[in-house]
2 protein chains.
Amino acid sequence: MEKAELIRFKAQAQVMKALSHPTRLFILHELANEEKCVCELTEMVGADTSTISKHLSIMKNAGIVDFEKRGTSIYYSLKMKCVLSFFTCVNEVLKKRVESQMVLV
Amino acid sequence: MEKAELIRFKAQAQVMKALSHPTRLFILHELANEEKCVCELTEMVGADTSTISKHLSIMKNAGIVDFEKRGTSIYYSLKMKCVLSFFTCVNEVLKKRVESQMVLV
DNA sequence: TGGCTATTTGGCAATATAGCCAATAATAAT
DNA sequence: ATTATTATTGGCTATATTGCCAAATAGCCA
C-alpha cells in the first residue's frame with residue numbers, strides 16, 4: 001500500500017468511523033429531519049450532555065454536521081446529506097444477513 | 001430512543017464499523033477489482049497474516065465480503081458492491097473539508 | 001451584578017480494538 | 001508419511017473509544 005493511498009484511506013476511515021456508533025446514527029437520523037440543539041438530542045438519547053456533545057464533536061470534525069449558535073443553544077444540522085444514502089445499502093446488507101440466517105434454520 | 005430503534009442502529013453501526021479502518025478500506029478497494037486470497041492481501045498490506053485474517057473476519061461477519069476455499073487458499077470477494085458507492089459521498093465530505101481549510105489560509 | 005441555562009472540555013475508569021506471536025488445522029506436494 | 005503452505009484462533013500488550021462527573025465558558029434575564 002502506497003503512502004498517499006494510506007493517507008486517503010485513513011481520512012476516509014475517519015469519516016466512516018464518525019458514522020459507526022449507534023448514538024451517532026440516531027443523531028444523524030434526527031438531524032435528517034431538522035436541526036436540533038444539544039439539549040434536545042440529549043433529552044432524546046437519554047445520556048449525559050457531555051456525552052452527546054462529544055458525539056457531535058466527532059461528527060463535526062468529520063465534516064458531517066454543521067452548527068450555529070443561537071442564544072445559549074447550539075443548533076446542529078446535517079451538512080452532508082449524501083451520507084443518508086448509505087443506509088439504503090447498509091439495510092440491504094442487514095437484510096441479506098438475516099436472509100442467510102433464515103436458511104440455516 | 002426506542003428499543004427497536006436502538007437494535008437497528010447497533011446493527012447498522014456494526015456494518016459501518018467494518019468499513020472504518022484504513023486496512024479494511026484498502027482491502028475493499030482491492031476486492032472491488034477482483035477476488036484475492038489472504039496471502040495476496042497480506043503481501044499488499046505488509047502486515048501479519050493473522051492481522052489480515054482478522055480484518056477479513058470482521059468484514060465477513062458484517063456481511064460485506066464472501067469467501068471460497070480453493071486448494072489451500074481462501075479467496076475473498078466483495079459480496080455487497082453497493083458499499084463502494086459510499087465513497088463518492090465520503091470523498092465529497094473530504095473535499096469540502098479541505099476547501100474550508102483553504103479558506104482559513 | 002448575580003444567577004440561570006446551555007454547552008464544551010478535562011479527567012478518569014471501563015471497555016473495545018488492533019496487531020503481533022505462537023499454536024492449531026487443513027490441504028498439497030514430494 | 002512427512003514436510004511445506006495457507007489460514008484461523010487464542011493470548012497478550014498497546015492504544016483508542018466511550019461515558020460519566022466535575023469544572024470552565026458563554027449568553028440571557030431579572
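In the text below, chain A, chain B and the rest are named by the order of the sequence lines, each starting its count at 1.
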d(NZ, Lys10(B); P, dT18(D)) in whole Å: 14 Å

Connected via hydrophobic side-chain network under 4.5 Å: Ile74(B) and Leu56(B): yes

Nearest-nucleotide comparison on DNA chain D, the residue closer to the 5′ end among Thr23(A) and Phe67(B): Phe67(B)

First encountered from the 5' end of DNA chain C, between Thr72(A) and Asp48(A): Thr72(A)

Remember a base hit wins even if backbone is also touched, and classify Ile58(B) as base, sugar-phosphate or nothing at under 4.0 Å, heavy atoms. sugar-phosphate

Rounded to the nearest angstrom, tell me the gap between atom CG in Leu56(B) and atom C1' in dG19(C). 14 Å

Are the side chains of Asn91(B) and Arg8(A) in contact, using a 4.5 Å heavy-atom criterion? yes

Would you tell me if any nitrogen or oxygen in the side chain of Tyr76(B) comes within less than 4.0 Å of OP1 or OP2 on dT8(D)? yes

By nearest heavy atom, map Lys54(B) and Ile52(A) onto DNA chain C; which one lands nearer the 5' end? Ile52(A)

Lys60(B) near the nucleic acid: base, sugar-phosphate alone, or nothing, with a heavy-atom cut-off under 4.0 Å? nothing

Any salt bridge between Arg70(B) and Glu68(B), counting N to O under 4.0 Å? yes

Answer with base, sugar-phosphate or nothing: what part of the nucleic acid does Thr49(A) contact at a heavy-atom distance below 4.0 Å? base

Classify the nucleic acid contact of Ser57(B) as base, sugar-phosphate or nothing, counting any heavy atom under 4.0 Å across all strands shown. nothing

Roughly how many Å is it from OH in Tyr75(B) to P in dA26(C), rounded to a whole number? 20 Å

Flag the pair Phe9(B) / His29(A) as yes when their ring centroid distance falls below 6.0 Å, and as no otherwise. yes

Describe the nucleic acid contact of Ser50(B) in one word from base, sugar-phosphate, nothing, applying a heavy-atom distance below 4.0 Å. base

Which sits closer to the 5' end of DNA chain D, Cys39(B) or Ser20(A), going by the nucleotide each is nearest to? Cys39(B)

Sugar-phosphate only, base, or nothing, as touched by Thr51(B) at under 4.0 Å among non-hydrogen atoms: base

In whole Å, what is the span from the CD atom of Glu68(A) to the P atom of dG27(D)? 15 Å

Pairing partner of dT2(D), by Watson-Crick or G-U wobble and under 3.5 Å for both distances, is dA29(C)

Can you tell whether the side chains of Glu99(A) and Arg97(A) come within less than 4.0 Å, N to carboxylate O? no

Between C1' of dT5(D) and CD of Glu43(B), the distance in whole Å: 15 Å

Taking NE2 from His55(A) and P from dT7(C), how many angstroms apart are they, rounded to a whole number? 16 Å

Which is true for Arg70(A) with a 4.0 Å heavy-atom rule: it touches a base, it touches only sugar-phosphate, or it touches nothing? nothing

Could you work out which one of dA6(C), dA26(C), dT8(D) sits closest to the side chain of Lys69(B)? dA26(C)

Can you check the Ile74(B) CD1 to dT5(D) C1' distance for me, whole Å? 12 Å

Write down the distance between CD1 (Ile27(B)) and P (dA18(C)), rounded to a whole number of angstrom. 11 Å

Please answer whether the main-chain N or O of Cys89(A) pairs with a side-chain N or O of Glu92(A) as donor and acceptor at a distance below 3.5 Å. no

